[in-house]
Amino acid sequence: MRNSGGSAPTNVVWIISLVLFIVALLAQFNIVRIPEPYATWSWIVGFGLLLIACRVKGL
């Protein structure tokens, strides 16, 4: 029987990517005041982790 759930590491990476995306989105629209380097790196790291998670998962 095939396992319908993802593996734990990719789920954790996906959640971290989602949190980083939300942080970057809030900073982009000035909802939350976050210093510029952190907001920029939030986009970069979040997208990179999401790409790695998709590659590991085989998507």
Side-chain angles (χ1 to χ4, degrees):
M1 191 166 170
R2 188 167 184 223
N3 185 6
S4 61
S7 64
T10 54
N11 286 339
V12 171
V13 170
W14 189 85
I15 290 170
I16 292 170
S17 298
L18 182 64
V19 168
L20 288 172
F21 175 73
I22 291 170
V23 166
L25 208 59
L26 293 174
Q28 181 69 31
F29 292 109
N30 292 325
I31 296 171
V32 175
R33 197 88 157 126
I34 298 173
E36 182 61 35
Y38 297 118
T40 301
W41 279 104
S42 180
W43 285 109
I44 295 168
V45 172
F47 186 65
L49 286 174
L50 189 59
L51 287 174
I52 291 169
C54 287
R55 177 58 89 182
V56 168
K57 185 81 171 162
L59 299 175

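Small disclaimer: the values here were computed from a predicted structure and weren't measured.
- Rounding to the nearest 0.5 angstrom, the gap separating the CD1 atom in I34 from the OG1 atom in T40 is 10.5 Å.
- By the rule that hydrophobic residues join a cluster once side-chain heavy atoms approach within less than 4.5 Å of another member, I15 and L51 end up as members of separate clusters.
- Under a hydrophobic-cluster definition in which Ile, Leu, Val, Met, Phe, Trp and Tyr are linked whenever side-chain heavy atoms come within less than 4.5 Å, directly or via other members, L18 and W43 are assigned to the same cluster.
- Put simply, L25 and F47 are part of two different groups of oily side chains (I, L, V, M, F, W, Y) that touch within less than 4.5 Å, one to the next.
- Contact between S17 and L49 at its shortest, heavy atoms only, is OG-CB, 3.4 Å.
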